[in-house]
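Below you'll find the structure, written out as structure tokens, and then a few comments.
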Amino acid sequence: MNPKNFKRYTVTAALPYANGPLHIGHLAGCYIPSDIYVRYLRSRERDVAYVCGSDEHGVAITIKARKEGISPQEVVDRYHEMMKRSFAEFGISFDHYSRTSAKIHHETASGFFEDLYQKGEFLEQTTQQYYDEEAGQFLADRYIEGTCPKCGHEHAYGDQCEKCGSSLSPTDLINPKSKLSGSTPVLKDTKHWFLDLARYTDFLKNWILVDHEKDWKTNVLGQCRSWLEAGEGLQARSMTRDMDWGIPVPVEGAEGKVLYVWFDAPIGYISSTKEWAAEKGIDWEPYWKDEGTKLVHFIGKDNIVFHCIIFPAILKTHGGYVLPDNVPANEFLNLEGDKISTSRSWAVWLHEYLEAFPGKQDVLRYVLTANAPETKDNDFTWKDYQLRNNSELVAIFGNFVNRAVVLTHKFYNGLVPALGDLSDIDRDALAALLEFPEKIAASIERYRFREALSYVMDFARTGNKYLADTEPWKSIKDNPERTATVLNIALNIAANLAIVAEPFLPHTAAKMYKMFGLSGLNWGDAGKHGLLKTGKTIQPAELLFDKVEDETVAAQVNKLMETKKQNEMAVAPVTPMKDIITYDDFAKLDMRVVKVLAAEPMPKSKKLLKLSVDTGLGTRTVLSGVAEHFKPEDLIGKQVVMLINLAPRKIMGIDSEGMILMAEDKDGSLRLLLPGSETANGSTIS
RNA sequence: GGCGAGGUAGCUCAGAUGGUUAGAGCGCAGGAUUCAUAACCCUGAGGUCAGGGGUUCAACUCCCCUCCUCGCUACCA
């Protein structure tokens, strides 16, 4: 459908998770793109609902609350307010910002669940989960700690070992302990409701891979294809959890269970819309149920599966709802070459940015749009920030507006001079006035915001070139009429620039409107050269941007380097001592000096080397997960330490008869343990 | 290894359905200019489009293979 045929738009931005402050990655990923899109639509006088809200359920929040000794509600209250403020300060113009702990959301989400339940859409399955008898509750994966079966790390979580990175299931853990009471949890039956996604495969394949093959981004289609066409197909997903923080499952016999966050979070968009409509006294339903509504979800790439697979499946099953017309997911933004991380504090926090750069919201908006991770992961660097500020915003955009206004004050006391006869160069400039808004609009409609922004800058360049070509500071001496025409046109270019820049740089556009004494303009006015009428008073020039000095960015880089240093020290504490053992325990281990006779990469494996070693007692085969640290030739002929009485274990079809011992350095790299000098193969170690 | 996304000038990136000398911005060099936050404007240098095969009259664009980066996933006794 042609975008212009839609009657109204519902635009959503991913609900930010209320367990930490917002950083530049959030902004670049979905809030700035969605805000640009919506501001543009409003400027076009289209009917838009732009909704968002805090995502306040889930295990991570309960863990954070427990750690800080406060209630989950207190955690989400804190971050909800903080995020809401950051959004407001950066001009993210939600029509409504709600939260998933709101009553209306609990009702909406429960309603959805009940509807699907009544339709018999859920598979009820009873599985065994760990239960903490002392605390009297089931334990989320993250609440169980134990020894990692793969690397022996003693504080692995039930879902993942942070040391070796392997993903685990709670029952894999050796010696599991509840993080709530410290007691050993027991396995207990629990019933959950699963959404059988496999049933939607055909519908989803058609809808996404066929119907939207041409208009969705390749990264989004690729991710969907990877889910839809994976060997095992879509797996049923549990839509409920054993927990007390969240929305109670509205079904008999579901006491102590809540809806899975990912079931309730997207429904939050609907709740937020309802809340907004109620406040406005209008009907929310057309925004979600009318075929003429264009629904667009702005998200980061980590959310693709939920917004393209699970949520549409839910909406489709419920029936009566429109499906997203597009899900323009962005990739990730890195910071100075490293992945942004809340837990490692490797981020530029919005509230800290505002303290360090007051009044420079638009600069960050500009940089994050110009370098947005639209097609691939991108890197934010302070050097790039400075460069874009100084040589683009200051030198091109700000400078052009300043020149036009200063000249007007210098030659015409701040009054817009009259338009006289037009030369070719004037006509070209006026033609550009018409073309740019169209080009910019076309790019925005296609979600190509960085391209759209570059056209905005080209428009400003056109203004600079126009002044350079017409040289009004020269013509004022012998041809004041000519100068008047030139400045009239230059000022009107600047006024038009404000209109097209507004979605990207709203604070700047506001300053420009104020300077020109304009208000109430929108996209429909763009392209006109009579926005500033002859004789109108222009306010004195006010600089729109100022230079960012070397010291300023150096300070930010230093701050990050400090963080990095602290992270390195914090992340790599020397592993604490394990529990005391007896000599007999130790004596059970049979460690020997052995010689590596042969080594070869294990076919079809990235991490394994297949070693053949002389243990003195015979030759054995050992598979060792060191292929990423050593080449076969690094090992061949070396004497190393091996645990030879470890029970053999079949890996990838081959028996591995023992374990080569290595030292692991702070950074995770491995070192061989070599005898000080040549030693007989099979020598014992004690 | 499987799946997905990328690998285009020093840097950041554009390049529907294959077709004249591969583009932009920044950076760099030179020039011009002085209204402007020494900014603007003009010109130029810079790329065997990751590498190798193939299809074609013609490939950055299609096919195959290899290498590298990122994400998800499997193997680390």
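In what follows, chains carry the letters A, B, and so on, assigned in the order in which the sequence lines appear, proteins first and then strands, with residues in each chain numbered from 1.
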Could you list the donor-acceptor pairs under 3.5 angstrom formed between side-chain atoms of residues 540-551 of chain A and any protein atom two or more places apart in sequence or on another chain?
residue, atom, partner, partner atom, Å
A:D546, OD1, A:K360, NZ, 2.5
A:D550, OD1, A:Q386, NE2, 2.7

For this session: Using whole Å, report how far CZ of A:R450 lies from P of B:C26.
Result: 15 Å
Problem set entry | Atom-pair distance (CG on A:L661; P on B:C76), nearest Å | 17 Å
With sugar-phosphate meaning primed atoms plus P, OP1 and OP2, does [X] contact a base, only sugar-phosphate, or nothing at under 4.0 Å between heavy atoms?
X      : result
A:L387 : sugar-phosphate
A:F411 : nothing
A:V394 : base
A:L643 : nothing
A:L544 : base
A:G658 : sugar-phosphate
A:N402 : sugar-phosphate
A:S454 : nothing

For [X], is the [atom1] atom crowded, meaning more than 12 foreign heavy atoms sit under 6.0 Å from it?
X      : atom1 : answer
A:D202 : CG    : no
A:R446 : CZ    : no
A:E471 : CD    : yes
A:N413 : CG    : no

Problem set entry | Rounded distance [0.5 Å steps], CD1 in A:I489 versus CG in A:D426 | 4.0 Å
Filtered N/O pairs between nucleotides 15-18 of chain B and protein, under 3.5 Å:
residue, atom, partner, partner atom, Å
B:G15, OP1, A:R448, NH2, 2.7

For this session: May I ask you to verify if any side-chain N or O of A:K383 is less than 4.0 angstrom from the OP1 or OP2 atom of B:C26?
Result: no
Taking N or O atoms only and anything under 3.5 Å, show me the protein contacts with nucleotides 5-11 of chain B, one pair per line.
residue, atom, partner, partner atom, Å
B:G6, OP1, A:T218, OG1, 3.2

Exercise. So what is the 5' to 3' dot-bracket string for RNA chain B, if pairs are Watson-Crick or G-U wobble with both distances under 3.5 Å, crossing pairs use [ ] and | means the partner sits on another strand?
Worked result: (((((((..((((.....[...)))).((((.........)))).....(((((..]....))))))))))))....
For this session: For residues A:F449 and A:T369, report the shortest heavy-atom separation together with the two atoms involved.
Result: O-CG2, 3.8 Å
Exercise. Residues from residues 460-471 of chain A sitting under 4.0 Å of RNA chain B, heavy atoms only?
Worked result: A:R461, A:N464, A:K465, A:A468
For this session: Taking the six-membered ring for Trp and the full ring for Phe, Tyr or His, determine whether the centres of A:F357 and A:Y385 are under 6.0 Å apart.
Result: yes
Problem set entry | Set of salt bridge (Lys or Arg N to Asp or Glu O under 4.0 Å) partners for A:D338, sequence neighbours left out | A:K564
